[in-house]
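Beneath this line is the structure, given in structure tokens, with notes to follow.
Worth saying up front: this structure is predicted, and the values here are computed from it rather than measured. Any value given below was found using the heavy atoms of this structure, including those in side chains, with hydrogens, waters and symmetry copies removed.
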Amino acid sequence: MTHDDHGDDHPAPAEPVLLNLSAPARRSLVADLVRPAGSSPAPVDVDIPDPDLAAFLAAIAHADHGFTAHTTSGPRALAVVAGTVAALCGEDIPTALTTPDLAFLKSLKPAAIEATRTVLLAIETPDEQPITEALRVLDR
């Protein structure tokens with residue numbers, strides 16, 4: 001005999017409520033981005049000529065995985081962030097590498113920041129201070 005066969009006056013149980021328990025989108029493009037050298041098994045050297053880096057970023061933006069960049073240059077780290085965003089947005093990657101649009105990068109919405117950080121996983125460097133300082137211009 002089932003519960004419904006009892007003929008009692010109890011109301012039917014409520015339907016389950018679905019909750020979204022995903023982590024909130026990141027609010028910073030560069031928070032926790034810089035890591036010490038050796039943190040990743042296969043970092044990509046981004047201190048390569050701009051045309052090669054632009055081609056790499058165009059391809060990786062559509063890959064199933066992200067990448068960890070390796071550089072010792074603060075300006076190059078900023079260029080990689082800008083180039084990654086440009087690749088994801090379908091913008092001019094070479095221009096983003098040479099002339100990052102800081103106002104645009106600072107105005108990215110959390111979903112765009114999250115998308116960028118799923119492609120650019122980290123920037124490794126033997127000396128974190130200059131990289132962190134160069135990227136500070138992107139913190140709000």
Side-chain angles (χ1 to χ4, degrees):
M1 181 179 268
T2 67
H3 176 72
D4 293 336
D5 293 337
H6 287 284
D8 57 10
D9 295 332
H10 297 303
E15 291 294 318
V17 176
L18 300 177
L19 298 175
N20 182 357
L21 298 177
S22 63
R26 296 175 215 252
R27 300 265 181 223
S28 170
L29 192 56
V30 296
D32 302 319
L33 184 63
V34 180
R35 308 229 175 106
S39 299
S40 170
V44 175
D45 181 5
V46 294
D47 294 330
I48 58 178
D50 282 357
D52 296 337
L53 182 56
F56 170 78
L57 292 173
I60 198 74
H62 303 290
D64 293 343
H65 56 84
F67 77 103
T68 297
H70 181 273
T71 186
T72 58
S73 165
R76 193 56 165 183
L78 181 58
V80 168
V81 172
T84 303
V85 171
L88 288 167
C89 293
E91 297 293 327
D92 184 356
I93 300 168
T95 298
L97 293 174
T98 59
T99 315
D101 184 343
L102 300 180
F104 174 71
L105 294 171
K106 289 185 209 179
S107 73
L108 292 176
K109 302 286 186 231
I113 291 170
E114 190 64 30
T116 301
R117 294 294 299 271
T118 60
V119 174
L120 178 57
L121 304 175
I123 299 175
E124 285 191 2
T125 185
D127 185 6
E128 296 174 53
Q129 181 69 23
I131 306 301
T132 301
E133 285 298 319
L135 296 177
R136 189 158 291 154
V137 299
L138 298 178
D139 268 336
R140 294 177 223 204

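Leu88 and Leu53 fall within the same hydrophobic cluster, defined by Ile, Leu, Val, Met, Phe, Trp and Tyr side-chain heavy atoms under 4.5 Å apart, directly or through other members.
Shown here for Ser28 and Asp139, the closest heavy-atom pair between the two residues is OG-OD1, 3.0 Å. Between Ala69 and Leu120, the shortest heavy-atom contact is CB-CD1, 4.1 Å. A pairwise comparison of heavy atoms in Ala82 and Pro100 identifies CB-CB, 3.6 Å as the closest pair. Between Leu33 and Arg117, the closest heavy-atom pair is CD1-NE, 3.5 Å. Among all heavy-atom pairs drawn from Ala87 and Ala61, the shortest one is CB-CB, 3.8 Å. When all heavy atoms of Ser40 and Pro43 are compared, the closest pair comes out as O-CD, 3.5 Å.
Annotation: the span from Asp47 atom CG to Thr71 atom OG1 amounts to 3.5 Å, rounded to 0.5 Å. Atom CZ of Arg76 is separated from atom CG of Asp45 by 9.0 Å, given to the nearest 0.5 angstrom. Atoms CD1 and CG, from Ile113 and Leu29 in turn, are 5.5 Å apart once rounded to the nearest 0.5 Å. Between the OG1 atom of Thr98 and the CD1 atom of Ile93 there is a distance of 12.0 Å, given to the nearest 0.5 Å.
By the side-chain hydrogen bond (donor to acceptor under 3.5 Å, both in side chains) test, Arg35 pairs with no residue at all, sequence neighbours left out. Take Glu133 and apply the side-chain hydrogen bond (donor to acceptor under 3.5 Å, both in side chains) test, not counting sequence neighbours, and it matches Gln129, Arg136. Applying the side-chain hydrogen bond (donor to acceptor under 3.5 Å, both in side chains) test to Ser39 and every residue at least two apart in sequence or in another chain returns nothing.
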Side chain to side chain contact (heavy atoms under 4.5 Å, CB included) assessment of Val44 paired with Ile60: CA-CA 11 Å; Val44 175; Ile60 198 74; over 6 Å; no
Chi angles and distances behind the side chain to side chain contact (heavy atoms under 4.5 Å, CB included) call for Val81, Ile123: CA-CA 9 Å; Val81 172; Ile123 299 175; 4.2 Å; yes
Side chain to side chain contact (heavy atoms under 4.5 Å, CB included) between Phe67 and Leu121, intermediate numbers included: CA-CA 6 Å; Phe67 77 103; Leu121 304 175; 5.8 Å; no
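Two residues are said to be in side-chain contact when any heavy atoms from C-beta on lie closer than 4.5 Å; Leu102 and Leu78 meet this criterion.
At a cut-off of 3.5 Å, with distance as the only test, no side-chain donor of Thr72 or Asp127 sits close to an acceptor on the other residue.
Using modelled atom types, one side-chain atom of Glu124 and one backbone atom of Gly38 make a donor-acceptor pair closer than 3.5 Å.
Salt bridge Lys106/Asp101: absent, no basic N to carboxylate O contact under 4.0 Å.
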